[in-house]
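Have a look at the structure below, then the notes.
Letters go in sequence order (proteins before strands), and every chain restarts at 1.
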There are 2 protein chains.
Amino acid sequence: MSALKGDARLPRYQRLAEALRDEVVSRRWRAGEQIPSENVIAEQYGVAPGTARQALAQLVDEGLLERQHGRGTFVRRPSFDQSLFRFFRFSNEAGERVVPESRIVQREVMSAPSEVSRQLQLAEGAEVIFMNRLRLIDGVPILAEQIWLPAARFAPFMALDTAEIGPLLYPVYDSECGEVVARADESLTVEMVTPPYARILHVEENTPLIVIDRLARGFDGSPIEWRRSRGPAAQFKYQTEIR
Amino acid sequence: MSALKGDARLPRYQRLAEALRDEVVSRRWRAGEQIPSENVIAEQYGVAPGTARQALAQLVDEGLLERQHGRGTFVRRPSFDQSLFRFFRFSNEAGERVVPESRIVQREVMSAPSEVSRQLQLAEGAEVIFMNRLRLIDGVPILAEQIWLPAARFAPFMALDTAEIGPLLYPVYDSECGEVVARADESLTVEMVTPPYARILHVEENTPLIVIDRLARGFDGSPIEWRRSRGPAAQFKYQTEIR
DNA sequence: GAGTGGTCTAGACCACTTC
DNA sequence: AAGTGGTCTAGACCACTCC
């Protein structure tokens, strides 16, 4: 039986949640894996089963765990790499909704521009991996992405063949570099297209673009990747429910 | 002690939640009011206190109730009338963030345009109240709203002096017409400004606008109001966290 | 001090999945 | 049948608010 750590004035279920969260964050419990049952956890940490339930419920709420009745409790696989497409409606020539292909057109190590070093919390001019990536449907570019990674933590990534990397980057970050993206902050704005992007995205001058900035973070909130994506505003539609 | 209604195969806490939800929806419990304590509810419905807690927790989660430690449980006041400003950054001449004034520049009863009757689930050409409203800062228009209401349910609204109506409409719908807005579906798109809006919003030709469509609904999901708001895309910034 | 919600216990029984 | 999570009970004690 392990003792609960942390401030003893905090509720037990919160201290237990913190302990379990650490199992996930430290990757002792891997994505997709089953974790011990609530009774086992309760016994291990010396709390009542109801208290263990409460801790588990909190972690489900945070999106760290998933519970399946009769099967068990599992570490959730984060998977929002495709989630840019919440903001756009793209369809192919046949009118079907499709997931665009990905093409990395540039990848190099460079000194971080000031905004990038600020976002990634790196020293001014620290080394970063920069990528230029296109998303295409039927071979036509419809989204342009600039992606920056801290070079220090992503050295293995540079060894990969860019042509071999699929459309989902985050699973690659996980498997190759041990960096797990758990959440992200996004910010949307509108700008008028500049000549280079007009050429890349096959749009006229004077058309508006949606610009999506995303700072991807690990479980502990530390910045992992910063990207800026641009797509034609005509394709943009965002739906949400408020209350 | 009241018996729990509904399908007996459903969990008790869900049937209890349904019963309590009905108290709010039917306005027997009014916005802001304190409701009975969990022990009283548990006794009234013949369930254990823990089961009552579970039902209350669900309604808090749904946004219907609020609990305050040591004070009691209260019916939440829905208040997202100002929430358009999640999407825009507006400041006055002094650079401070401010809540814009409101001016109803037109209000009349008309036959519903087809999209409006579709959204509000009315018969084709049913009578609706139409309003043109401006939001201004330092007297300068920065947001133009078109608002439609089903005339049948909002007759008392037409009797009000438009100059007396403040910036928040939903509390007025509630107090004057007994219509409570509980949630809303919003949809954002981008369009190029048309000459009338260029004049109203004091922007150049060829600037993009953000268009926000909002369908406001009651507790039971029935449509109450449909509005379309337009503002300059340059002022637009939407931030969100995903996971 | 009385009343409220928040935490915690130690069970029982049920529903679902897997073997 | 065994193991899992989901529901439910009947309490105890604590922390907070209000009078």
Side-chain angles (χ1 to χ4, degrees), chain A residues 1-21 23-24 29 32-77, chain B residues 1-21 23-24 29 32-77:
Chain A
M1 162 179 155
S2 329
L4 282 176
K5 304 209 188 300
D7 190 337
R9 290 168 307 184
L10 258 44
R12 292 188 194 203
Y13 79 92
Q14 277 185 30
R15 288 190 290 155
L16 176 53
E18 178 53 39
L20 302 181
R21 195 181 293 115
E23 296 285 340
V24 177
W29 290 347
E33 267 183 23
Q34 181 170 9
I35 73 167
S37 76
E38 62 187 46
N39 287 326
V40 171
I41 288 175
E43 199 191 352
Q44 274 180 359
Y45 288 90
V47 300
T51 304
R53 280 190 76 70
Q54 210 174 345
L56 290 166
Q58 178 167 324
L59 297 176
V60 168
D61 209 55
E62 290 174 17
L64 239 59
L65 301 179
E66 275 176 339
R67 313 197 75 180
Q68 292 177 46
H69 194 170
R71 297 224 317 129
T73 304
F74 302 83
V75 180
R76 186 163 153 262
R77 267 177 225 283
Chain B
M1 163 184 155
S2 330
L4 282 176
K5 306 209 186 304
D7 191 338
R9 291 169 305 186
L10 259 43
R12 293 189 193 204
Y13 78 93
Q14 276 184 30
R15 289 191 289 153
L16 176 53
E18 178 54 37
L20 302 181
R21 196 181 292 115
E23 296 285 339
V24 177
W29 290 348
E33 269 184 21
Q34 182 170 10
I35 73 168
S37 75
E38 63 187 45
N39 287 327
V40 171
I41 289 176
E43 201 191 349
Q44 272 179 2
Y45 287 90
V47 300
T51 305
R53 280 191 76 71
Q54 212 173 343
L56 289 166
Q58 179 167 322
L59 296 177
V60 168
D61 210 55
E62 291 174 16
L64 241 57
L65 300 179
E66 277 176 339
R67 312 197 78 182
Q68 293 178 45
H69 194 172
R71 296 222 321 127
T73 304
F74 303 83
V75 179
R76 190 166 150 256
R77 266 177 226 283

Exercise. Tell me what A/R53 touches on the nucleic acid: a base, only sugar-phosphate, or nothing, going by heavy atoms under 4.0 Å.
Key: base

Exercise. Map A/A48 and B/P36 onto DNA chain C by nearest heavy atom, then report which one ends up closer to the 5' terminus.
Key: B/P36

Quiz item: Which heavy atom in B/A17 sits nearest to a heavy atom in B/A55, and how many Å separate them?
Solution: N-CB, 3.8 Å

Quiz prompt | Closest non-hydrogen atom pair between A/Y13 and A/T51, with its separation | solution = CB-O, 3.7 Å

Quiz item: For the atom pair CD (A/E38) and CZ (A/R67), what is the distance rounded to the nearest 0.5 Å?
Solution: 4.5 Å

Quiz item: Is the side chain of B/Q34 donor-acceptor paired with the backbone N or O of B/R71 at a distance under 3.5 Å, no angle test?
Solution: yes

Quiz item: If you measure from CG on A/L20 to CZ on A/R15, what distance do you get to the nearest 0.5 Å?
Solution: 13.0 Å

Practice problem: Would you name the heavy atoms of A/I41 and A/A52 that are closest together and state the gap between them? | Solution: CG2-CB, 4.4 Å

Quiz prompt | Separation of A/R21 CZ from A/L16 CG (nearest 0.5 Å) | solution = 10.0 Å

Between protein and nucleic acid, restricted to nucleotides 1-3 of chain C and to nitrogen or oxygen atoms under 3.5 Å apart, what atom pairs and distances do you find?
{"unit_1": "C/dG3", "atom_1": "N2", "unit_2": "B/G70", "atom_2": "O", "d": "3.0"}

Exercise. Using distance alone, with no hydrogens and no angle criterion, decide if B/Q58 and B/Q54 have a side-chain donor and acceptor under 3.5 Å apart.
Key: no

Exercise. Measure the CZ-CG distance between A/R53 and A/N39 for me, rounded to the nearest 0.5 Å.
Key: 9.5 Å

Quiz item: Can you find a heavy atom in the side chain of B/V24 that is under 4.5 Å from one in the side chain of B/I35?
Solution: no

Practice problem: Return the value, rounded to whole Å, for the distance between atom CZ of A/F74 and atom C1' of C/dC16. | Solution: 13 Å

Quiz item: Of the residues in residues 54-68 of chain A, which ones touch DNA chain D at a heavy-atom distance under 4.0 Å?
Solution: A/R67, A/Q68

Quiz item: chain B on DNA chain D: first and last contacting nucleotide, 5' to 3', under 4.0 Å to a heavy atom?
Solution: D/dT7 to D/dC18

